[in-house]
Each structure stands twice: as C-alpha cells, then as structure tokens.
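Take a look at the structure set out below.
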Amino acid sequence: MELAKAYDPKEAETNHYSRWEDGGYFAPEINENTEAETFSIVIPPPNVTGSLHMGHALQHTLMDTLTRWKRMQGYKTLFLVGVDHAGISTQLMVTRQLKKEEHKTPQDIGRKAFTEKVWEWKNKYGGEITRQMRKEGLSVDWSRERFTMEESLSKAVLSVFVRLYEEDLIYRGTRIVNWCPKDKTVLSDLEVKEEKAKEGKLYYLKYPVLKSSGLESVAKDEQGTRNSELLSTATGGSVTYVTVATTRPETMLGDTAVAVNPDDERYNHLIGNTVLLPLTNRKIPVIADDYVESAFGTGAVKITPAHDPNDWEIGERHNLVKLVVMNDDATMNEAAGADFTGLDRYAAREKVVEKFEELGLLEKIEDYDLTLPHCERCKTVIEPLLSEQWFVKMDEMRDLALKQMRDENSPRFFPEIPHKKVYTNWLENLKSWTISRQLWWGHRIPAWYDAEGNVYVARSKEEAAAKAGTQNLTQDEDVLDTWFSSALWPFSTLGWSTSEPPALAGGLTQAEDLRQTEWDKQSSKNQPAHAGGSDNRSDLDTFYPTDVLVTGRDIIRLWVSRMVMMGIKFIGGKPFDDVIIHGTVLDKNGQRMSKTKNNGIDPLDVFEKFGVDATRMALAGSATGVDFAWRDEKVESFRNFANKIWNATRFCLMNSEGATVNTDSINLSKEGLHRYLGDSVPLPSLADRWIISRLNKTVKSVNFALETYQFHEAVQLLYHFFWDDFCDWYIEFVKDEIVGTQAPLPAANGGGRLGACVPARTRILTILEQALRMLHPFMPFLTEELWQKLPGTSNGLHNTAYRSAGKTIMLADFPKPDETMIDEAAESEMSAVIELITKVRNIRAEMNITPVERFTVHIAADNATQVVFATNEPQILKLARAEKLIIGDDLEVPMASAKAVTANAEIAVPLEGLIDFDKERERLNGQIFKLNVELERLNAQLSNSDFVNKAPEEKVKDLRERAAEIVQQTNTLNQNVEALR
RNA sequence: GCCGACUUAGCUCAGUGGUAGAGCACUCGCUUCACACGCGAUAGGCCACAAGUUCGAAUCUUGUAGUCGGCACCA
C-alpha cells in the first residue's frame with residue numbers, strides 16, 4: 001500500500017466521523033460489558049446562538065481526549081452534549097431579524113407568535129456549534145443531545161422552581177435590581193461588569209434648608225439675592241444651604257432625603273430639619289445615618305431610595321418614600337416632573353445641571369474617576385432600579401456546598417490554587433439570585449395570579465387553579481434566567497425531571513420525603529436508557545455524578561457553584577467529582593481575544609490551515625489552567641508531527657509485505673512478545689527490547705498524566721516517544737532489517753529474503769499500532785486513518801467490550817503498561833550506543849567531514865560495553881556513517897585522530913590529512929572547560945562537611961561518582977590534547 | 001482599596017529543595033532509498049530584584065518592582 005508523500009488532514013477528517021457516529025460508537029451502549037465502570041462528562045452547554053471559539057476548542061479537546069482515553073480503557077463512557085437557550089441573546093437576535101425582515105417588533109406579533117419565531121430560528125440556525133463539534137471530532141453521544149428548552153429539561157425546571165418555592169427558598173420581592181435599559185430586563189450580579197466610566201464628574205448641588213432660624217448657617221449663598229425670589233418664600237428670607245455631591249444629578253428628582261453622619265458636627269444641628277428639593281419644590285427631611293462618611297464629598301448625601309442600592313437600604317431604615325422617577329428605558333417618568341418627563345437619563349442630567357446653574361445652586365463640578373456597572377452583553381450602563389422580581393435565597397444551598405468542600409474537599413479543582421479559594425469565597429459572600437427576566441424566550445415562571453393579586457405557584461395552570469379555587473388566573477409574564485436551567489444541567493440532561501406533580505396535600509411537602517418518593521418511584525421504572533423526554537432515572541443512576549467538569553475560570557461562579565448547590569439539593573449529591581479549570585487562550589501579544597479588539601482567532605481557520613488533530617495537540621499541549629498566547633508556530637509543529645506519524649507509517653507500510661500487526665498481543669507482555677517474535681527468530685535485539693521498554697514507560701506515564709489532568713505532559717511524552725525514540729532511533733536501527741537488505745534465511749527457517757525480514761516487520765508494525773492507539777485520544781482522525789491501513793487490524797477489535805462494533809481504533813484497547821517489559825539494562829545499553837553514535841557524528845560535523853566520507857572508528861571500552869557495541873555494529877556503522885569499528889581495551893591510533901569520550905568509552909577517528917590540529921585542540925579544550933566548570937561545582941559541594949554530613953547518602957554518592965567520571969574523562973581529554981603536540 | 005496569579009533561552013511555555021528543559025526561531029552541514037512539514041551537529045539562561053530558612057533555593061518564606069486577572073466599591 002502506498003501512501004501520499006505528505007499527510008493531508010482533510011481526507012482523514014472527512015472519512016471517519018459519520019461512520020463513528022452512525023455506528024453508535026459514541027454511545028455508552030456500544031460497551032457490552034455489564035461490569036464495566038462508567039465514565040461520564042457533560043459539556044458545559046454553549047449558547048444556542050454561539051459559534052465555536054478558541055475557549056470552546058480547548059475545553060472540547062480536553063473533554064474528548066479524556067473520554068476517548070477512558071472509552072479505550074473499557075469504561076462505559078458518556079460524553080453528553082447540548083446547548084442552552086441563551087435567553088437574552090437569542091431573543092435579541094430574533095428581534096433584530098424580525099425587525100429587518102418584517103419591520104415588526106415582538107410586541108406587534110405577540111408572545112405566542114414570537115416564541116414560535118424563536119423556535120423556528122433555533123431549528124434553522126441553532127445547530128451551528130454542534131456542526132462544528134463534529135468537525136472537532138468530539139465523541140459525544142448525539143442520541144442524548146439536550147437543549148434546555150426541551151420538554152424534559154423544562155419539566156425539571158418546573159419541579160425545581162415549585163419545590164424551592166414551597167420551601168420558601170424562592171420568593172417575590174421589590175428590590176433595587178440591576179436593570180438594563182436597552183435589553184429591558186433585570187440582570188443578576190454576574191451578568192454585570194464594572195467598568196471605568198468614560199468621563200466621571202462629581203456635581204456639587206446646593207439644597208436650601210428650611211426652618212433654619214436659630215441655627216448656624218451651613219453654607220451661605222453668596223449670590224443669594226439672585227434666586228432669592230423662589231427661595232425666600234420658603235425660607236423666610238434667610239437662605240441656608242446644604243451641599244450634596246453626586247455623580248448622577250438627574251436622580252435628585254427622586255430624592256426623598258438628605259443624609260448626614262450623626263457624629264458630624266458640621267451637620268448634626270440640621271438633623272430633623274427639612275430641605276427644599278430644588279426643581280421639585282418637594283420638602284424632604286435631613287436624616288442621620290452611619291452609612292454616611294463625613295470625610296467624603298461634602299459629608300451630606302442625597303438619598304434616592306428607588307435608584308441606588310445603598311440609598312434603598314437607608315430608605316428602608318428610615319421609612320423613606322421610594323420614588324421611582326424613571327421608566328424601564330431609562331427615560332424620566334412623570335414623577336420626575338413635567339420639565340423632565342420623557343427625557344433620557346443623560347439629557348435629564350444636563351438639564352438638571354443647567355437648571356441648578358440658572359438657580360445658582362450649582363456649587364461646582366469636579367472630574368471624578370468612577371466605575372459603573374455595565375450590561376455584560378450590550379455594554380449599556382446599568383440602571384439600578386426599584387422593581388418587583390423573583391429571587392432565590394441561596395443561604396441553605398450555599399451552606400451545603402461549603403460543607404461538602406470542608407468535609408470532602410469536593411469538588412476537587414484542577415489546578416486547586418487559586419480556584420478552590422475563589423469558589424469558597426464567592427459562596428461565602430453569596431447573596432440572593434435574581435431569577436426573573438423580562439423576556440419571552442425562556443422558561444416562563446410557573447406562578448399565577450388571581451384577580452386580587454394572590455400568587456399561586458404550581459406545575460400547571462390546572463394545579464394552580466385547584467389551589468386558587470378559580471380558573472380566573474393570569475400567569476406571570478416573566479421567564480427564568482437561562483442559568484436557572486443550566487444549573488440543573490448535570491442531572492436534568494440525565495433524565496431527571498420528576499415530571500409527576502407531587503401530592504398536593506400534607507406530608508410530601510417536606511423536601512426529604514419528596515425526594516425519597518420521587519427517587520424510589522423513578523428508580524423502579526425500567527425504561528430504555530435514553531428515551532428522550534420521558535422521565536427515567538437509569539441514566540441518572542448510571543452516570544451521576546459525572547466524573548469531571550471542564551470549564552473556564554469565569555464559569556466557576558456562574559455554574560460550577562450553582563450546579564453543585566442544585567445537585568446536592570435535588571439529587572442529594574455532587575454533580576461531578578473534579579473540575580478542570582482551563583486557561584484562557586490569548587492572542588499572540590498576550591491580549592485577551594475580544595470582538596472589540598478584533599483579535600480573535602477562529603478555530604475553524606486553524607483547522608483549515610493545520611488540521612484538527614494538530615490543533616487539538618496544540619491546545620492539549622498547554623499546561624492545565626494556565627493562560628497562553630496563541631502561536632501559529634506551535635500548531636505548525638504539531639502539523640509537522642502529524643506528518644511525521646504519517647510518514648513513519650508510510651515507511652512501515654512500504655515494507656510490510658508478509659507481515660501483519662500482531663493483534664493478539666493486547667499488550668506487549670512477554671507472552672505477547674513471544675507470539676510475534678516466533679520460535680525461529682533469535683532473541684530480541686537491543687533495539688527491540690529498548691523500544692518496548694520505552695513504549696511501556698511512555699504508556700505508564702501518559703496514563704498517569706491523564707489521570708492527573710496534565711494534558712501537556714501527556715502530549716510531550718507522546719511527541720518525544722514517537723519522534724525521538726520511535727522514528728529517530730528505532731526505525732533507523734531496524735531499517736535494514738525491515739527493508740530486507742540483509743542475507744536471506746535458509747529455506748528451512750521459512751526461507752528467502754522476505755522470510756528474513758518478516759519478523760522485524762511484524763515487530764515494527766505492532767509497535768507502531770500501539771503508538772497509534774496511544775495517540776488516538778489526542779489525534780483521532782489521523783490515527784484512525786492510518787490504523788485502518790495497517791495490515792492485520794481488519795479483524796482487530798482488541799477490546800471485547802465492543803465486540804459488535806466495526807473496525808475502528810477508537811474502540812481498541814488503550815495500551816496497558818507492563819512493568820515487566822521495562823528493561824533498564826536495555827535502556828542503558830542503548831544510551832551507550834546512542835552516545836557513541838552522537839559523538840562520532842559530532843566529530844564529523846566539527847571537523848567538517850562530508851557525509852560521504854567513511855572512516856574507521858576506534859573504541860576502547862570495558863568488556864560489557866565492547867559486547868554491546870560489537871552486537872550492534874551494523875547499526876552503529878550505518879548511523880555513524882563509519883566504515884569500520886575497531887573495538888578493544890585500549891586505543892591504538894595515529895596522532896592525527898579526532899577523539900571523544902563517553903560515559904562508557906573512548907573514541908578515536910583517525911583523520912590523516914583531514915584533521916586540523918589547532919581546531920581539534922580547541923574542540924577538546926572546549927569539552928574540558930565545560931567538564932571543569934561542573935567539576936568545580938561538585939568539588940565545592942563535596943568539600944563542604946555540612947553537605948557530606950547532612951545530605952542524603954545517596955546524593956553524596958551520586959556526586960562522588962559523577963566527579964570521578966569527570967576526572968577520568970578530563971584526564972583522557974587532556975592526554976588527547978597532549979598527543980596533538 | 002482588597003485578594004490572587006505570573007515574571008525561566010530571541011519567542012511561546014514546561015519544570016523542580018540537590019548538575020537548568022521542550023517546541024519554534026537562530027548558526028553550521030546535508031537532494032542519506034518514510035518524511036525538507038525532513039535529517040545530522042552546535043550555540044544560547046547568575047530561572048525579575050533583595051533578604052531569610054536550609055548542608056544546598058530557580059524551587060520554600062518575606063519584602064520590592066513590573067505584568068495580568070478577580071472582587072469590592074463613598075454619594
């Protein structure tokens with residue numbers, strides 16, 4: 001079989017995915033071993049509106065690598081995927097489309113029609129990211145794909161909402177909330193980002209004080225005469241002011257008090273007095289509250305309880321009127337006064353300032369740095385607004401999550417520092433969560449109101465009607481925050497929905513009872529594993545808790561914590577054991593990628609340029625949890641790696657006649673080795689023993705790396721094993737044997753030229769096949785493409801758990817490391833040979849001897865080493881490009897020789913007429929110098945009695961040995977230098 | 001303001017209480033029959049700075065500087 005000269009990823013990437021998917025290879029049911037342990041991952045659902053970005057690609061790579069690895073190890077494996085409905089984003093997108101295509105607003109067509117539009121949009125465009133996931137090669141079980149708005153997940157939302165309400169953990173209340181005037185909905189704290197305001201100003205406004213007789217003036221108005229007409233009537237002629245500082249003058253229209261610190265001597269005589277609020281002619285009290293810091297601003301604060309969270313609290317404490325002066329689009333309403341009604345908040349601000357100036361009540365304006373809350377999505381400045389919303393009390397669930405962390409250190413974060421702390425700190429300070437959203441796209445709040453405004457929360461209108469005793473009910477207009485449904489994802493996707501309404505009357509309202517009943521009832525059902533939409537528990541029983549959640553830093557608060565809380569609360573246990581927090585992919589300048597900076601890198605472009613497998617390797621090859629700057633060069637190096645694998649396979653296939661992969665050897669145990677070496681073959685060569693040892697060590701280390709989520713470590717190990725060990729040394733070592741240039745075997749032994757090379761071909765194919773399996777979780781397409789072409793894999797499923805599946809590497813056994821095949825003797829012998837070859841090559845390069853030139857290499861070494869070199873003479877000759885080896889106890893060479901020392905041997909290459917004595921001396925002296933530097937350091941340590949006495953014996957011994965070795969090598973090199981004189 | 005992370009070869013990054021590592025780039029030499037997306041051989045770092053703990057610190061502690069995050073914000 002002849003392969004193309006270079007690897008073209010496109011072919012492999014189109015060849016296999018649909019076969020895997022159609023064959024059901026991704027579904028856990030492919031595993032027929034009823035005893036198999038399970039492994040499960042649920043994807044943190046991306047937005048239905050989203051398309052793939054680098055963060056996804058990284059996250060997906062890690063999840064898929066783990067999944068494929070575990071699946072090959074025989075675990076019953078589920079990688080569950082889906083998207084969330086992304087309430088605001090989706091609604092905005094469809095609203096824009098509606099406007100563009102039909103010039104209508106959602107209100108024009110009504111809630112029902114609009115919701116239908118969104119579904120249409122979802123069905124038409126919502127699959128973008130899932131298509132991209134297929135391109136990435138993700139081994140997700142598409143038959144279990146989930147969507148937060150689908151029936152079973154919606155039922156789960158209903159169940160959770162109703163139960164939390166029944167337990168008084170969900171309540172409706174009027175609070176200051178984060179209001180986005182553009183999206184016209186409330187937002188949770190997590191959807192709000194504090195950002196520096198472009199130009200912050202602090203405005204000092206003067207409010208005239210009424211009833212000031214008998215009191216000291218606070219701030220005499222120097223120009224009091226000009227505006228005295230308005231004020232004098234109220235103040236009886238003598239105008240005194242209190243000056244407040246504000247960044248938002250327009251809110252003064254909603255002021256209902258001025259507050260000062262009770263201990264502030266400048267003001268405490270004013271407490272209890274009244275201020276005339278300019279522009280409104282409203283009389284408002286001066287109150288005392290500790291919240292006010294005397295040192296800041298003027299020490300007097302205007303209080304707008306309906307438009308500032310802190311002011312609201314003061315308002316609560318002092319029973320102040322909470323006057324809302326804005327509409328939901330941040331224009332001023334009628335309560336702001338006729339002059340301002342309908343003005344945008346910023347226009348109103350200007351006008352207020354103007355008027356104050358006209359009235360001479362504007363003391364000054366200062367520049368002022370401040371940060372303002374912005375809508376994470378549309379960047380609009382958030383308006384704190386008094387509004388009636390639904391909230392979840394988090395205290396109880398928070399405590400459960402914190403207890404779990406304290407008692408079980410669960411979930412385990414990778415890396416633990418600093419994420420564990422971020423998680424617990426956030427939980428500790430957790431406040432109520434605003435869950436209602438003023439949208440039409442989402443799970444509508446299951447609350448109904450009767451004519452009197454009484455609220456009935458139930459799973460259905462019928463149930464609510466039964467509670468209310470009337471059919472005359474209207475449902476709450478709002479929907480739930482998308483994250484409410486996402487928080488349930490780890491179990492709602494596994495079939496939990498408790499769709500049955502609980503008994504309405506007594507007994508079952510207790511949380512524990514309800515859970516027990518639901519659990520028992522559902523567990524007894526024996527439905528097909530993933531009958532979509534139906535309520536079944538078998539997936540939940542099998543796969544919950546999931547093994548690991550892979551996600552980004554910002555998601556710890558958004559999800560990890562909420563999923564944990566909901567999981568503990570509703571399933572009675574954590575949703576996942578481990579949480580991998582991956583790093584952020586930055587652009588090549590180390591900047592965060594963002595739309596505004598337009599520095600994003602599209603993973604699909606990278607796939608196109610370098611291939612999916614190379615991209616996956618580049619992503620997995622970055623340390624877990626650490627941010628890294630994206631470099632095309634890095635992917636390029638893995639593109640090259642893919643090509644290397646391709647070509648190594650190509651070479652093996654070009655020389656595979658008569659041989660097959662030994663599929664019987666599930667691992668490379670001694671028995672397996674014997675099977676493929678056969679009786680007619682001599683003992684395994686050094687190179688064979690060595691590569692098998694290296695292979696086993698690599699498998700062992702890769703397993704360990706993956707178990708501890710050190711993906712980059714696994715990538716390094718695989719890269720090094722395949723390229724350096726397998727290609728650079730093993731292939732080169734056995735090349736002649738494989739190609740068949742050595743003597744034919746006698747007929748009695750299978751005979752002929754081919755017979756002589758078949759065992760070597762079998763060995764290399766078998767090792768190559770093991771390597772491909774090891775690489776498969778990282779590079780699924782390339783390895784499948786090549787594996788399919790290897791002779792002997794056609795009947796080759798190696799994992800009996802998958803016996804009814806077709807031919808695929810993804811269901812082959814992941815190599816199992818065998819300690820007995822780790823051969824330290826082979827490794828050290830091979831090191832000696834490699835060092836010898838490298839030194840000779842070095843002489844050639846340093847002496848400028850052309851590659852064509854052949855020379856004799858003299859070697860002096862101990863007996864054991866002599867045997868090693870003699871045994872591997874043909875390979876040494878070839879790789880060192882030497883003509884002849886003369887191996888003995890001593891070197892007997894002419895003066896005109898280049899020399900070198902290794903750990904085990906002395907080397908000389910006679911170069912009569914070719915050698916430049918000065919250059920050779922320089923070369924040797926260079927080596928001596930380096931050794932001396934090391935020796936000095938060693939001697940310094942060894943002559944330190946503290947070190948010798950206190951350091952571990954082993955360490956001292958190592959250093960002594962190394963020092964002795966250096967002394968010996970230096971002596972030899974010095975003699976060599978002398979010999980050149 | 002509080003908290004955290006990072007600072008290692010030209011670049012991007014690993015690493016670890018006991019002789020500094022990789023990939024890429026650089027230099028030199030190769031159309032060696034799998035691969036120039038390659039082969040071979042070099043070169044390159046007082047591991048940010050300072051102090052401490054230790055026989056020994058790039059690694060642990062503290063401080064300083066710079067970079068980047070997160071959180072909280074006083075009108």
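Chain identifiers are assigned alphabetically (A, B, ...) following the order of the sequence lines, protein sequences preceding nucleic acid strands; residue numbering begins at 1 within each chain. All figures in this text were calculated on a predicted structure; none of them were measured in a lab.
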Legend entry - Side-chain donor/acceptor of A:Gln710 to base of B:A14, under 3.5 Å: no
Inset, instruction - Select one nucleotide: of B:G15, B:C55, B:A34, the one nearest the side-chain heavy atoms of A:His712. - result: B:G15
Legend entry - Basic-acidic side-chain contact under 4.0 Å: A:Lys10, A:Glu608: yes
Legend entry - Any A:His419 side-chain N or O less than 4.0 Å from OP1/OP2 of B:A5: no
Inset, instruction - Quickly work out the A:Phe711 CZ to B:G23 P distance and round it to whole Å. - result: 22 Å
Inset, instruction - Verify whether the ring centers belonging to A:Tyr241 and A:Tyr207 lie closer than 6.0 Å. - result: no
Legend entry - Neighbour count >12 (heavy atoms, 6.0 Å) for atom CD, A:Glu953: no
Inset, instruction - Find the distance A:Leu653:CG to B:A34:P and express it as a whole number of Å. - result: 13 Å
Inset, instruction - Go through B:G69, B:G18, B:A34 for me and flag the one nearest to the A:Gln941 side chain. - result: B:G18
Inset, instruction - May I ask you to verify if any side-chain N or O of A:Asn848 is less than 4.0 angstrom from the OP1 or OP2 atom of B:G29? - result: no
Legend entry - Presence of A:Tyr368 side-chain N/O under 4.0 Å of B:A75 phosphate oxygens OP1/OP2: yes
Inset, instruction - Have a look at A:Phe638 and say if it touches a base, only the backbone sugar-phosphate, or nothing, with a 4.0 Å heavy-atom cut-off. - result: nothing
Inset, instruction - Name the nucleic acid region contacted by A:Ala648, choosing base, sugar-phosphate or nothing; use a 4.0 angstrom heavy-atom cut-off, strictly under. - result: base
Inset, instruction - Would you sketch RNA chain B in dot-bracket for me? Only Watson-Crick or G-U wobble pairs with both distances under 3.5 Å count, crossing pairs as [ ], other-strand pairs as |, the rest as dots. - result: (((((((..((((....[..))))..((((.......))))......(((((..]....))))))))))))....
Inset, instruction - Between B:A75, B:G18, B:A5, spot the one nearest the side chain of A:Lys302, thanks. - result: B:A75
Inset, instruction - Look at all strands and tell whether A:Glu732 reaches a base, only sugar-phosphate, or nothing, counting heavy atoms closer than 4.0 Å. - result: base
Inset, instruction - Would you classify A:Val626 as touching base, sugar-phosphate or nothing, given that sugar-phosphate means primed atoms plus P, OP1 and OP2, and contacts are heavy atoms under 4.0 Å? - result: sugar-phosphate
Inset, instruction - Would you mind telling me which residue lines up with the more 5' stretch of RNA chain B, A:Glu934 or A:Pro418, judged by nearest nucleotide? - result: A:Pro418
Inset, instruction - Can you tell me the distance, in whole Å, between the CD1 atom of A:Ile645 and the P atom of B:G38? - result: 12 Å
Legend entry - Nearest-Å distance once atom P is located in both B:A75 and B:A65: 27 Å
Legend entry - Touch class at under 4.0 angstrom, heavy-atom based, for A:Cys727 against every strand present: base
Legend entry - Options B:A34, B:G38, B:A20, nucleotide nearest the side-chain atoms of A:Trp723: B:G38
Inset, instruction - Please check if atom CD1 in A:Ile417 has more than 12 non-hydrogen atoms from other residues, nucleotides or ligands closer than 6.0 Å. - result: no
Inset, instruction - Report the residue (A:Lys950 or A:Tyr7) whose heavy-atom-nearest nucleotide on RNA chain B is the more 5′ of the two. - result: A:Tyr7
Legend entry - Test: A:Lys193 and A:Glu195 ion pair at under 4.0 Å: no
Legend entry - Proximity of A:Phe610 and A:Phe638 rings by center, below 6.0 Å: no
Legend entry - Interatomic distance, A:Phe413 CZ vs B:G4 C1' [rounded to whole Å]: 15 Å
Inset, instruction - Please work out which of the three classes, parallel, tilted or perpendicular, describes the rings of A:Phe711 and A:Tyr709, given edges at 30° and 60°. - result: parallel
Inset, instruction - Rounded to whole angstrom, note down the C1' distance from B:A14 over to B:C71. - result: 30 Å
Inset, instruction - Would you classify A:Lys930 as touching base, sugar-phosphate or nothing, given that sugar-phosphate means primed atoms plus P, OP1 and OP2, and contacts are heavy atoms under 4.0 Å? - result: sugar-phosphate
Inset, instruction - Pick base, sugar-phosphate or nothing for A:Arg844, based on heavy-atom distances below 4.0 Å to the nucleic acid. - result: nothing
Legend entry - Among B:U42, B:G4, B:C13, the nucleotide that comes nearest once only the side chain of A:Asn842 is considered: B:U42
Legend entry - Sugar-phosphate, base or nothing in reach of A:Asp554, heavy atoms under 4.0 Å: nothing
Inset, instruction - Evaluate the ring planes of A:Phe726 and A:Tyr730, with Trp represented by its six-membered ring, and classify them as parallel (under 30°), tilted (30 to 60°) or perpendicular (over 60°). - result: parallel
Legend entry - Nucleotide of B:U42, B:A75, B:C55 approaching A:Thr838 most closely (side-chain heavy atoms): B:U42
Inset, instruction - Compare side-chain N and O positions of A:Lys644 against OP1 and OP2 of B:C39 and report whether any pair is under 4.0 Å apart. - result: yes
Inset, instruction - Using a heavy-atom cut-off of under 4.0 Å over every strand shown, decide if A:Lys421 touches base, sugar-phosphate, or nothing. - result: sugar-phosphate
Inset, instruction - Using a cut-off of 6.0 Å, state whether more than 12 heavy atoms not belonging to A:Lys588 lie near its atom NZ. - result: no
Legend entry - Any donor-acceptor N/O pair under 3.5 Å between B:A34 base and A:Lys5 side chain: no
Legend entry - Per A:Ser637 side chain, nearest of listed nucleotides B:G18, B:A75, B:C24: B:C24
Inset, instruction - Give the nucleotide from the list B:A14, B:C39, B:A41 with an atom nearest to the side chain of A:Ala845. - result: B:A41
Inset, instruction - Taking only the side-chain nitrogens and oxygens of A:Lys878, find out if one of them lies under 4.0 Å from OP1 or OP2 of B:U32. - result: no
Inset, instruction - Pick base, sugar-phosphate or nothing for A:Arg557, based on heavy-atom distances below 4.0 Å to the nucleic acid. - result: sugar-phosphate
Inset, instruction - Walk me through it: do A:Phe356 and A:Tyr203 pass the test ring pair (Phe, Tyr, Trp, His ring centres under 6.0 Å)? - result: CA-CA 10 Å; A:Phe356 266 76; A:Tyr203 302 83; 9.9 Å; no
Inset, instruction - Round to the nearest Å and state the distance from A:Asp736 atom CG to B:C33 atom P. - result: 13 Å
Legend entry - Any A:Arg937 side-chain nitrogen or oxygen under 4.0 Å from OP1 or OP2 of B:U19: no
Legend entry - Among B:U32, B:C24, B:U19, the nucleotide that comes nearest once only the side chain of A:Glu633 is considered: B:C24
Legend entry - Any A:Lys735 side-chain nitrogen or oxygen under 4.0 Å from OP1 or OP2 of B:A34: yes
Legend entry - Heavy-atom closest pair, residues A:Ile176 and A:His307: CD1-N, 3.8 Å
Inset, instruction - Rounded to the nearest angstrom, tell me the gap between atom CG in A:Asp627 and atom C1' in B:G70. - result: 12 Å
Inset, instruction - Find the distance A:Leu430:CG to B:C71:P and express it as a whole number of Å. - result: 14 Å
Legend entry - Phosphate OP1/OP2 of B:A72 contacted by A:Lys431 side-chain N/O (<4.0 Å): no
Inset, instruction - Just compare B:G40, B:A34, B:G69 and give me whichever is closest to any side-chain atom of A:Ile731. - result: B:A34
